[in-house]
Amino acid sequence: MATNLICKTRMPKGLIEFVSWLAWIGEWLCIGALSAVCFALDVTIPDSGKPKIFLQPVVEFVHEWPTLIGISLGLAIVVVRCGRWLGKRPSPQEVTLNRLVTETLDRFRDTCFPGIPANEPKDHNRVTVFRHEKCWWIVWPFRGTLTPWGFGRHPWSGWLVMHRRSGHVTRGRRTTFLAPDDAQNAEGVVGQAWRRQAHRVGSGQSKLPVLAAVKHVGAHRALWYRTLNICKKPTAKATQFCIDLETVRNYAEATHCSTKFVWQRIKQKTPLPTSLLAVPLRDKNKDFWGVAVMDSCNQYECIDTDSREFRTAFNKLEQQLHSFGVMDDAGR
Amino acid sequence: MHEWIKLDPFEFNRQERRIIHGVAITVGLAPFDVPERVRGFYDDEIGRFVIEFSYQNDEGQSGREAPLASWQSENLTLYVGEHTGCIYEIHLNVDNLQVDAVRLNLQLKKAIDELSTNDRFAARRRHYELANEAISRHATELLAH
C-alpha cells in the first residue's frame, strides 16, 4: 500500500494528478536524454576545418562532462520516481478493499469488546493486525542512536509491522516490533504471541499501570533529578520522577519492551494500553503469518479466547482476511 | 458416520497465569490449536483403530493440512500437521495391542515425550498434552466404538 503523503495535504485532487502526470513525462524525458547521452558519447567529433555534425555543440558538451550529466540524469529519474510513488493515490479497488477489511475488523472488535458505550473513543479499544516481514527498512520508533534497527539488528532481522487496524483513527503511524529468529529477543506482547501462542497482559484487577500521567523528562533534567535523589535531597518533582521511572520499568517488563521504547511513546503522547491480548494468525498453508492484537485503554478488556464467541469470531476473521487476499501479499 | 465428541476448550486449555509487579500475564493456546471435537472408530480399510481430532478452521477456505506420520511404533502411529504440528490422527494396532484406557494413556504419554524431543515439535508439547488429556477423559466413549 503506497504512502500517500501528498494526499494527506490540502492539495486539490486535480493538481496532484497533474503533477503526477508531469512527473511521468519528466521521467521518460530523462530516460530519453540518458539514451541520447550514450549515443552522443559514441559519436566522434570531427576535427576543426571539417564540416560540423548536427548539434555539435551539444555533443562537445556531453564529451566534456559525461560523468556529471550521467549522474544528474540518474538522480533526476530517482527523484521523479520517488515523487510519483509518494503522490500515488489508491485505486478504486484498493479503496473498496480497505473499507471491507476495516469493516471486518470493526465487527471483530465489537465481538471482542462487548458493552462499550457508543460515545467511547474508537482508539481506546482497537484490533490491529501485524504482519511478519523478513526484511523491513523503515522501523518506528528508532531502536538505536546510530541505526534505526538497534545494535546488532538490521532490516533482515525479522519484524512485525502494523498492517491493518480497526476504526478510522491511529492508522497513520506504522509501529514495528522486533520478531527475530532468536525468538527469546522478540519485542512486545505481539512478539511473544509470535513465538508461542495466545498472550494476554493485564486483565481483571491486575491491569498494566496507567502511564497517562507520566511526563517525559529531558536528559538534563533527568540527570538533575537523579543527582538530587542520590544526594538524598529530593524535591517533589525528583521524587515523582523516581516513581515514574519504576512505573515505566514495570510496564516495559510486563510488555517485553525496552524502557526506551516506552519513554519514546510517552514523549510522543501516544496512549499506552492497560490491557493487551495477542493471538497469532496463520496463512492458507497454516504457517504463521502475523499476529492480531486486541488492546484496550479503558476498563473494557477483550473477552476470553476460549469463549465460543471469540473462537467463532476469530475463525470468521481469518477466513475473511484470506478471502480478501490480505494474507496473500506476505512480502516474503 | 462416526459421531464426534465435542470438547470444551475451557476444560482443557488451562492458561498459565502469573502476576508480575501487579500485572496479570496469561499464556494459553491459540484458538486454532485447541481441538474442538474428537472421535474414535475402527477403519476396516487400514485395519487400525483411529482417533481423529477436528480443529475450528478445518472446514474453512484453506481446509485441513496434510497430516504426516511423525511418530511410529509397532502399535501406535501419530499423524501431525505438516505446518502446524497439531495432532490430527492416532492409529492404534488393536490386533496386537489390547487397548484399554490405561494402556492407551501410557502409550500416548510415551509417544508425546518422544515426539517433544524432536526440535521441530518441542514447542507443541503443551498442545500434545492437551490432546492426551482429551483422550483420557473420553477414552471410554472413544473405545466403545
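Every chain is numbered from 1, with letters handed out A, B, ... down the list of sequences. Worth saying up front: this structure is predicted, and the values here are computed from it rather than measured.
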Is F310(A) in contact with chain B via its backbone, its side chain, both, or neither, using a 4.5 Å heavy-atom distance?
side chain
Geometric class of the F177(A)/F130(A) ring pair [parallel <30°, tilted 30-60°, perpendicular >60°]:
perpendicular
Parallel, tilted or perpendicular, judged at 30° and 60°: which one describes the rings of H199(A) and H256(A)?
perpendicular
Salt-bridge criterion met for R126(B) and E16(B) (N-O under 4.0 Å):
yes
Just give me the residue among D304(A), V279(A), L277(A) that pairs up with chain B most often, heavy atom to heavy atom, under 4.5 Å.
D304(A)
Given that the side chain runs from C-beta out, which part of T274(A) has a heavy atom under 4.5 Å from chain B: side chain, backbone, both or neither?
neither
Counting only heavy atoms closer than 4.5 Å, note whether I20(B) contacts chain A via side chain, backbone, both or neither.
side chain
So what's closer than 4.5 Å to chain B heavy atoms on E253(A): side chain, backbone, both or neither?
side chain
Taking the six-membered ring for Trp, are Y79(B) and H91(B) parallel (under 30°), tilted (30 to 60°) or perpendicular (over 60°)?
tilted
Would you say the ring centroid of F53(B) lies under 6.0 angstrom from that of H127(B)?
no
